Number of protein chains: 2
Amino acid sequence: MKKKRVTLKDIAKELEVSISTVSRALKDHPDIDKKLREKIQKLAQKWNYIPNPLAMGLLRQQTRVIGVIVPDIVTYFFSSIIEGIENELREAGYYIVISSSKESVQKEIECVNNLLNLRIDGLIVCLAQDSHSTAHFKKVLEHEVPLVFFDRVCLEKKVSTIVTDNISMARDITTHFFENGAKKIAHITGPKHLNIVKERAEGYLKGLEIAGINFDKKYLIHTDLSPESAGRATKKLLALPEKPDAILGVNDTVIFSTMKAIKRIGLRIPEDILLAGFSDEFHATVVEPQLTSVAHPTHEIGRNAAKLILEQILEGRPIQKKIVLNTELHIRESSIRN
Amino acid sequence: MKKKRVTLKDIAKELEVSISTVSRALKDHPDIDKKLREKIQKLAQKWNYIPNPLAMGLLRQQTRVIGVIVPDIVTYFFSSIIEGIENELREAGYYIVISSSKESVQKEIECVNNLLNLRIDGLIVCLAQDSHSTAHFKKVLEHEVPLVFFDRVCLEKKVSTIVTDNISMARDITTHFFENGAKKIAHITGPKHLNIVKERAEGYLKGLEIAGINFDKKYLIHTDLSPESAGRATKKLLALPEKPDAILGVNDTVIFSTMKAIKRIGLRIPEDILLAGFSDEFHATVVEPQLTSVAHPTHEIGRNAAKLILEQILEGRPIQKKIVLNTELHIRESSIRN
DNA sequence: CTGAAAGCGCTAACAA
DNA sequence: TTGTTAGCGCTTTCAG
């Protein structure tokens, strides 16, 4: 299986020259006689010669493969970031190998090891939700493989990261809720140690403060980001004697589950409860009512992550940079009360 | 950049034996003295030796990389199939490189060439919507690279394919519409040459026949599968003097756009128009009303595609097999009229 | 039981 | 201007 490809040797034999002559001719080396060069190039063209990346890789100790690890590839947020990464990297002649950590550190560690063994030239990661330890990423650094985190990040002191202005956006949504008459604003969020969770919660608290609302800890619920867990959190909130009149979700996926739970018990959005999420997925405008959400520049996140990897490869040394991308609040029906 | 990894040579030098001895010891070759073998294995372990896949690849002429080309990676249908492929292939020690054709043959051809140049060990494809020509896939076959198509397929005579029972499902939805009082059933579909389009249209016609409804060609509209095009198609249908009272979409993404268009002009679902789609995306239960849809076993599609590739690699020859996977009709609010 | 050598496809320093 | 050689890391005959 798999037909043998044309090699330099084949061309050299046919033209009765040495392999290195062919090699040089094909890279337009000026040393080679013009006539001969053209002859070689023509045959290479005709035989459809393509250098073997395995051989090149072995020689240069590089694979031109960049690893990408995301919590899951099914969520719009991640898949569209991957799209951004791919666009940028493909142009530069790199390939990406995507691995899903399925939100588990265990799997994340496996992925890192697999990719390292594959000898990737760089690694782009969004942390799994339960990723506390950073030992496996230190290993990447030890191997001197360029590393970039996006959205959920760690090791910020040593690694380049792409993040968004979580604090200000969470703050703005919270005050926006208040301006639309909400007094009991809840926040369904994720695992405590994640930067996005900390930051969005911080923004939420700031927003409450600006609105002059006292923080009530029963309105802040942590989940593991799964739809089930988000559903449970919602039920818990709705079972309170003092039901919240607005809920901010740590992302849209969480809010979709919240929506389902709210509708199930017969409450109306936005009349009874205002809703907003983060990431502005495609389906934010499909659900009813349309969801207010913070639009993340997913393609930009992807492109920037790719660029940062490329930069490090080019420079041949680790770069520690932090890029904060601006997001946009898309206000829709779910958070407007007349 | 990128620290040198431990090689057989390093171990050989340290232990003052030959490289080949180390190589043999590490694969438990019985020839090697047990003591020596253990010593070598211990050092390899300690130094964290991992064979260089580039060197192995060069030797064996294989990369352990499988290419995957999909129309886009952002749609739930495709990303969850990719997940299925990855699950299966990862277990077998293969990596996947994903490329998006963005529904364009042009890009599809580029992807095929890129992947071929990368020397992939196999290729899994879902055709781009405007992919008429099959020349680029014939090239894959010429290179004797295992090839599998799923969902949107071609070259069925030569290549393995994974498809679903489109005809019967489209038929069943159509009669289901009829049973719920629909008389003017429309079908918004995709480009004519795609197998899924042909088959679903065929099922639609069968359903009409069973229901005793005459086919009216103004109720069958082809799109290029984009949200915009689906929106336009819907508007066209709704502008008819005899508006349809049910619409079958060729997939859920199309139907989501249809939903938006219907709501915009103030018609109600399901009271005025019944709706159903194909693929049962996650968001089918988030939209309002919840969408009736044919659930595709996406993970199964992915796993089967991967298995078929693996089988061909193992057998060392092309296999022509057609796997038809069963789907399930999930009836929800959008198609029920009391 | 172990080692030397060839070769996978390619590049680059060194000869000629 | 062109060829020879070594070497990237590994496996696998073939010798010893």
Side-chain angles (χ1 to χ4, degrees), chain A residues 1-41 43-44 47-65 93 116-121 143, chain B residues 1-41 43-44 47-65 93 116-121 143:
Chain A
M1 194 113 202
K2 240 171 144 189
K3 219 162 61 185
K4 201 188 154 299
R5 297 286 215 112
V6 182
T7 67
L8 291 185
K9 205 181 183 179
D10 299 328
I11 299 178
K13 200 185 290 168
E14 174 75 10
L15 264 28
E16 293 177 311
V17 291
S18 80
I19 295 177
S20 35
T21 301
V22 178
S23 170
R24 279 186 278 243
L26 291 181
K27 33 178 61 61
D28 272 329
H29 195 111
D31 274 4
I32 304 292
D33 178 78
K34 203 177 158 214
K35 278 262 172 61
L36 180 57
R37 205 196 313 165
E38 280 166 4
K39 200 166 106 189
I40 292 175
Q41 290 181 350
L43 185 64
W47 281 4
N48 195 11
Y49 167 78
I50 305 281
N52 185 323
L54 254 21
M56 297 288 286
L58 186 56
L59 207 57
R60 306 221 185 289
Q61 298 291 30
Q62 48 143 44
T63 51
R64 298 195 81 77
V65 168
L116 240 28
N117 294 345
L118 182 66
R119 312 296 208 256
I120 44 168
D121 289 344
H143 281 292
Chain B
M1 195 110 201
K2 240 171 143 187
K3 218 162 61 186
K4 203 187 153 299
R5 297 286 216 112
V6 182
T7 67
L8 291 185
K9 205 182 183 179
D10 299 328
I11 299 178
K13 199 184 291 171
E14 175 76 11
L15 263 30
E16 293 177 311
V17 293
S18 79
I19 295 177
S20 34
T21 302
V22 179
S23 170
R24 280 186 277 243
L26 290 181
K27 34 177 60 61
D28 273 325
H29 196 109
D31 273 6
I32 305 292
D33 178 78
K34 202 176 158 214
K35 276 262 172 59
L36 180 56
R37 205 195 316 165
E38 280 166 3
K39 200 166 109 191
I40 292 175
Q41 291 181 351
L43 185 63
W47 280 4
N48 195 12
Y49 168 78
I50 305 281
N52 185 324
L54 254 21
M56 298 288 288
L58 187 57
L59 209 57
R60 305 221 185 289
Q61 298 291 33
Q62 47 142 44
T63 50
R64 298 195 82 78
V65 167
L116 240 29
N117 294 346
L118 182 67
R119 313 301 209 252
I120 46 169
D121 288 346
H143 281 292

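Since this is a predicted model, take the numbers as computed values, not measurements. Lettering of chains follows the sequences in order, A, B, ..., and the numbering in each one begins at 1.
By the neighbour-count criterion of 12 heavy atoms within 6.0 Å, atom NZ of B/Lys4 is densely surrounded, having more than that number from other residues, nucleotides or ligands.
Partners of A/Lys35 by salt bridge (Lys or Arg N to Asp or Glu O under 4.0 Å), not counting sequence neighbours: none found.
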Open item on the list: Please evaluate residues A/Arg64 and A/Met56 with respect to the criterion side-chain contact (heavy atoms from CB on, under 4.5 Å), reporting the C-alpha separation (whole Å), side-chain torsions for both, the decisive distance (0.1 Å), and the verdict.
Closed with: CA-CA 10 Å; A/Arg64 298 195 81 77; A/Met56 297 288 286; over 6 Å; no
Open item on the list: Between A/Leu8 and A/Leu26, is the side-chain contact (heavy atoms from CB on, under 4.5 Å) condition met? List the steps.
Closed with: CA-CA 10 Å; A/Leu8 291 185; A/Leu26 291 181; 3.8 Å; yes
TODO: Any chance you could lay out the side-chain contact (heavy atoms from CB on, under 4.5 Å) test for B/Ile40 and B/Thr21, step after step, and finish with the verdict?
DONE: CA-CA 9 Å; B/Ile40 292 175; B/Thr21 302; 4.0 Å; yes
Open item on the list: For A/Arg5 and A/Ile50: C-alpha separation, side-chain torsions, deciding distance, then whether side-chain contact (heavy atoms from CB on, under 4.5 Å) applies.
Closed with: CA-CA 8 Å; A/Arg5 297 286 215 112; A/Ile50 305 281; 4.1 Å; yes
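A pairwise comparison of heavy atoms in B/Leu54 and A/Gln62 identifies CD2-O, 4.0 Å as the closest pair. Scanning both residues, B/Ile32 and B/Ala25, for their nearest heavy atoms gives CG1-N, 4.0 Å. Scanning both residues, B/Val6 and B/Tyr49, for their nearest heavy atoms gives O-CD1, 3.4 Å. Across A/Ile120 and A/Thr63, no two heavy atoms sit closer than the pair CA-OG1, 3.7 Å.
Protein chain B contacts DNA chain C over a range whose 5' and 3' limits, counting nucleotides with an atom under 4.0 angstrom from a non-hydrogen atom, are C/dC1 to C/dG9.
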TODO: Produce a footprint string for nucleotides 8-16 of chain D: one letter per nucleotide, 5' end first; B if the base is under 4.0 Å from any protein heavy atom, S if only the sugar-phosphate is, - if neither.
DONE: BBBBBB---
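With axes fitted over five pairs at each extremity, the angle between the ends of the helix from C/dC1-D/dG16 to C/dA16-D/dT1 is 60° (10° resolution).
Using a 4.0 Å cut-off on heavy atoms, the residues of residues 29-36 of chain A that approach DNA chain D are A/Asp31, A/Ile32, A/Asp33, A/Leu36, listed by number.
Atom-to-atom, CD1 of A/Ile11 to P of D/dT2 comes out at 16 Å; the value is rounded to the nearest Å.
Sorted by first and then second residue, the pairs that involve residues 14-31 of chain B and meet salt bridge (Lys or Arg N to Asp or Glu O under 4.0 Å), not counting sequence neighbours, are B/Asp28-B/Arg37.
Side chains of A/Gln61 and A/Arg119 form no contact here, defined as non-hydrogen atoms less than 4.5 Å apart.
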